[in-house]
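Encoded as structure tokens, the structure appears first; notes follow it.
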Amino acid sequence: MHRYLKPVVFLACLIPLANLSWRGFHSDLGANPIEKITHFTGDWTLTFLLITLSITPLRKLTRQYWLIGWRRMLGLFAFFYGTLHLMTYVWLDKFFDVHEMLHDIAKRRFITAGMTAFALMIPLALTSTKWSIRKLGGKRWQALHRLIYLSALAGVIHYIWLVKADLHKPLEYASVLGVLLAYRGSVWAMARRATPAANPKVSNSY
């Protein structure tokens with residue numbers, strides 16, 4: 001049954017894009033359409049990043065292990081909306097003016113953080129295939145894909161530095177990310193404490 005849900009989830013992930021397209025075709029993007037598209041795609045990029053990061057703790061806490069099959073698809077949707085977010089800036093805002101974009105990256109810290117967040121997503125998207133897992137090996141692949149935490153962190157910082165005044169929404173994202181990072185840290189700490197107990201001979205050999 002779970003495999004039949006995957007196409008449903010896939011289509012659900014396209015609803016934000018369909019909504020944006022509908023509003024665009026009906027001239028319902030407000031007085032500043034570029035700003036609206038930029039914020040809309042940025043919000044959904046962060047949303048999908050956090051949903052992707054939530055899969056592992058949710059799978060372990062609920063023992064619904066089949067959820068892991070959705071993580072790659074959700075991560076790729078985060079990259080998809082991140083690409084739309086970037087292209088809004090590159091195409092609609094800067095009209096492919098490389099000089100101006102480089103100036104922005106160097107001088108405007110929220111642009112620097114945003115570009116960092118997107119750059120960290122690129123190797124994750126490129127290595128999202130089963131072939132990449134076999135080629136890199138499970139441990140190296142997992143280590144590489146921990147970059148998603150840094151990407152999400154850079155994305156939240158990008159949002160905070162962008163809005164400056166009304167921090168309500170970016171702080172909501174920051175709170176969710178903080179919980180996920182705390183969970184990850186606690187799991188790592190418990191694993192570290194459990195290692196000597198599980199391998200007493202190793203600890204006694206020093």
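Below, each value reflects all heavy atoms present in this structure, side chains not excepted, and no hydrogens, waters or symmetry copies.
Closest approach of Thr116 and Thr112 over heavy atoms only: OG1-O, 2.8 Å. The two residues Ala174 and Val156 come nearest to each other via the heavy atoms CB-CG1, 3.6 Å. The minimum heavy-atom distance between Gly75 and Thr52, with the atom names listed, is N-OG1, 3.2 Å. The two residues Leu49 and Ala152 make their nearest non-hydrogen contact at CD1-CA, 4.0 Å.
Distance check, rounded to the nearest 0.5 Å: CZ of Phe48 to CE of Met121 gives 11.0 Å. Note that OG1 of Thr47 is 10.0 Å distant from CD of Glu172, once rounded to the nearest 0.5 Å. Interatomic distance, CG of Leu180 versus OG1 of Thr56, reported as 10.0 Å (0.5 Å rounding). Distance CD1/Ile148 to CG/Leu120: 10.5 Å, rounded to 0.5 Å. The distance from atom CG of Leu46 to atom NZ of Lys169, rounded to the nearest 0.5 Å, is 10.0 Å. Rounding to the nearest 0.5 Å gives a distance of 10.0 Å between NZ of Lys94 and CD1 of Ile34.
Using a 4.5 Å heavy-atom cutoff, the side chains of Val9 and Cys13 are in contact. The closest side-chain heavy-atom distance from Leu74 to Ile55 is below 4.5 Å. Residues Leu126 and Ser132 are not in side-chain contact: their nearest non-hydrogen atoms beyond the backbone lie 4.5 Å or more apart. The side-chain heavy atoms of Met115 and Asp104, taken from C-beta on, include no pair separated by under 4.5 Å. Using a 4.5 Å heavy-atom threshold, the side chains of Leu177 and Leu181 count as touching. Using a 4.5 Å heavy-atom cutoff, the side chains of Gln64 and Leu58 are not in contact. Residues Ile133 and Thr127 fail the side-chain proximity criterion, which asks for heavy atoms closer than 4.5 Å. Looking only at side-chain heavy atoms (C-beta outward), Leu29 and Ile37 come within less than 4.5 Å of each other.
Taking the six-membered ring where the residue is Trp, Phe80 and Phe77 present perpendicular rings, their angle passing 60° and hence far from 30°.
Trp161 pairs by the side-chain contact (heavy atoms from CB on, under 4.5 Å) definition with Arg109, Phe110, Ala113, Ile157, not counting sequence neighbours. With sequence neighbours left out, Tyr149 forms a ring pair (Phe, Tyr, Trp, His ring centres under 6.0 Å) with no residue at all. Every side-chain contact (heavy atoms from CB on, under 4.5 Å) that Ala125 has, sequence neighbours left out, goes to Leu76, Phe79. Scored by the side-chain contact (heavy atoms from CB on, under 4.5 Å) test, Val98 finds Met101, Leu102 as partners (sequence neighbours excluded). Shown here are the side-chain contact (heavy atoms from CB on, under 4.5 Å) partners of Asp97, two or more places apart in sequence or in another chain: His99, Glu100. Among residues two or more places apart in sequence or in another chain, the ring pair (Phe, Tyr, Trp, His ring centres under 6.0 Å) test is passed with His145 by Trp141. The ring pair (Phe, Tyr, Trp, His ring centres under 6.0 Å) search around Tyr159 returns Tyr173, not counting sequence neighbours. In this structure His26 satisfies the ring pair (Phe, Tyr, Trp, His ring centres under 6.0 Å) test together with Trp22, sequence neighbours excluded.
Here the side chain of Thr45 pairs a donor or acceptor atom with the backbone of Tyr81 at under 3.5 angstrom. At distances below 3.5 Å, at least one donor-acceptor pair connects side-chain atoms of Lys6 with backbone N or O atoms of Gly69.
Contacts classified as side-chain hydrogen bond (donor to acceptor under 3.5 Å, both in side chains) and involving residues 176-191 (residues at least two apart or in different chains) are not found. For residues 63-76, the set of pairs meeting the salt bridge (Lys or Arg N to Asp or Glu O under 4.0 Å) definition, not counting sequence neighbours, is empty. Identified under the salt bridge (Lys or Arg N to Asp or Glu O under 4.0 Å) test for residues 123-137, with sequence neighbours left out: none. Applying the salt bridge (Lys or Arg N to Asp or Glu O under 4.0 Å) definition to pairs two or more places apart or across chains, those involving residues 26-37 are Arg23-Asp28.
Note on Leu84 and Ile122: same hydrophobic cluster, where clusters join Ile, Leu, Val, Met, Phe, Trp and Tyr whose side-chain heavy atoms are under 4.5 Å apart, directly or indirectly.
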For this session: Go through the steps to decide whether Leu162 and Ile111 satisfy the test side-chain contact (heavy atoms from CB on, under 4.5 Å), and finish with yes or no.
Result: CA-CA 8 Å; Leu162 169 66; Ile111 296 290; over 6 Å; no

Exercise. Going through the checks in order, is the side-chain contact (heavy atoms from CB on, under 4.5 Å) test met by Leu17 and Ser21?
Worked result: CA-CA 6 Å; Leu17 178 62; Ser21 300; 4.1 Å; yes

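In Phe96, the CZ atom is crowded: over 12 heavy atoms of neighbouring residues, nucleotides or ligands sit closer than 6.0 Å.
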